[in-house]
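Everything on this sheet refers to the single structure shown next.
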Amino acid sequence: MSDAPQYRNPGPPEYHPGSARPELNRPVHERYPQIRATSGYGDPRVRHTGPGPGAGTDQEPERSSKLTARLALAMTVVIGQLWGLTVIIDAWMEGNTGTAWWGAGFLCLSFLVVLGLWLIDPKDR
């Protein structure tokens, strides 16, 4: 026997941060060996770095303005329906059933307006 100390490689440390499955608790470079530190900028398979010029800007301003106008109109109708519902409930509780029925008609009409707006241009959905 020699007096030289025996050095062993203890192997990778045990990782158990959160999962009950030990194979999920390894570092990323052990779980995915195909991902290298240079993946992305040094990888020869990467030819294009992004979507190109104009990314994030509006490509169809006409469609965007049309959808914004519809959204504004729909929000106005919804606010009107909430206000109308408040008036109807107040009138009903005071015993003015005629006013409440007229208000219910207003709510149905405003719902039909929104439904009509939705049906105008089905290709935008």
Side-chain angles (χ1 to χ4, degrees):
M1 281 211 196
S2 87
D3 289 341
Q6 296 288 329
Y7 292 106
R8 297 186 308 168
N9 185 0
E14 293 290 324
Y15 292 97
H16 298 285
S19 178
R21 294 174 47 196
E23 67 270 11
L24 298 177
N25 295 320
R26 294 177 295 147
V28 174
H29 64 85
E30 288 181 17
R31 282 184 282 163
Y32 304 104
Q34 70 273 19
I35 298 176
R36 296 178 302 277
T38 59
S39 287
Y41 66 88
D43 196 339
R45 296 173 293 177
V46 177
R47 290 192 171 41
H48 302 289
T49 58
T57 61
D58 196 2
Q59 301 296 324
E60 298 179 55
E62 294 86 13
R63 181 174 183 267
S64 176
S65 63
K66 188 168 47 170
L67 292 175
T68 303
R70 277 196 211 156
L71 181 64
L73 190 57
M75 287 190 313
T76 304
V77 170
V78 167
I79 290 170
Q81 285 180 332
L82 291 173
W83 171 79
L85 186 61
T86 304
V87 170
I88 289 171
I89 291 174
D90 285 344
W92 186 268
M93 294 303 227
E94 291 175 357
N96 298 333
T97 56
T99 305
W101 283 112
W102 278 106
F106 167 77
L107 290 181
C108 291
L109 181 65
S110 63
F111 174 75
L112 291 175
V113 166
V114 172
L115 187 63
L117 289 172
W118 183 69
L119 291 173
I120 285 177
D121 202 2
K123 68 179 172 20
D124 261 351
R125 284 185 235 127

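Quick note: numbers below take in every heavy atom, side chains included, and nothing from hydrogens, waters or symmetry partners. Nothing here was measured: the structure is a model prediction, and the numbers come from that model. Numbering of residues begins at 1 and proceeds along the displayed sequence.
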### Summary
Shortest non-hydrogen pair, Ala91 vs Ala100, comes out as CB-N, 4.2 Å
#### Entry: Side-chain cluster (under 4.5 Å, hydrophobic types only) that Val87 belongs to, other residues
Trp83
### Task
Examine Leu71 and Leu115 and state if one hydrophobic cluster contains both, with Ile, Leu, Val, Met, Phe, Trp and Tyr joined whenever side-chain heavy atoms are less than 4.5 Å apart.
no
### Query
What residue pairs, at least two apart or across chains, pass side-chain hydrogen bond (donor to acceptor under 3.5 Å, both in side chains) with a residue in residues 88-113?
Gln81-Ser110
### Task
Would you please name every residue forming a side-chain contact (heavy atoms from CB on, under 4.5 Å) with Leu85, sequence neighbours left out?
Ile89, Leu107
### Query
Which value, rounded to the nearest 0.5 Å, describes the distance between Leu112 atom CG and Leu119 atom CG?
10.0 Å
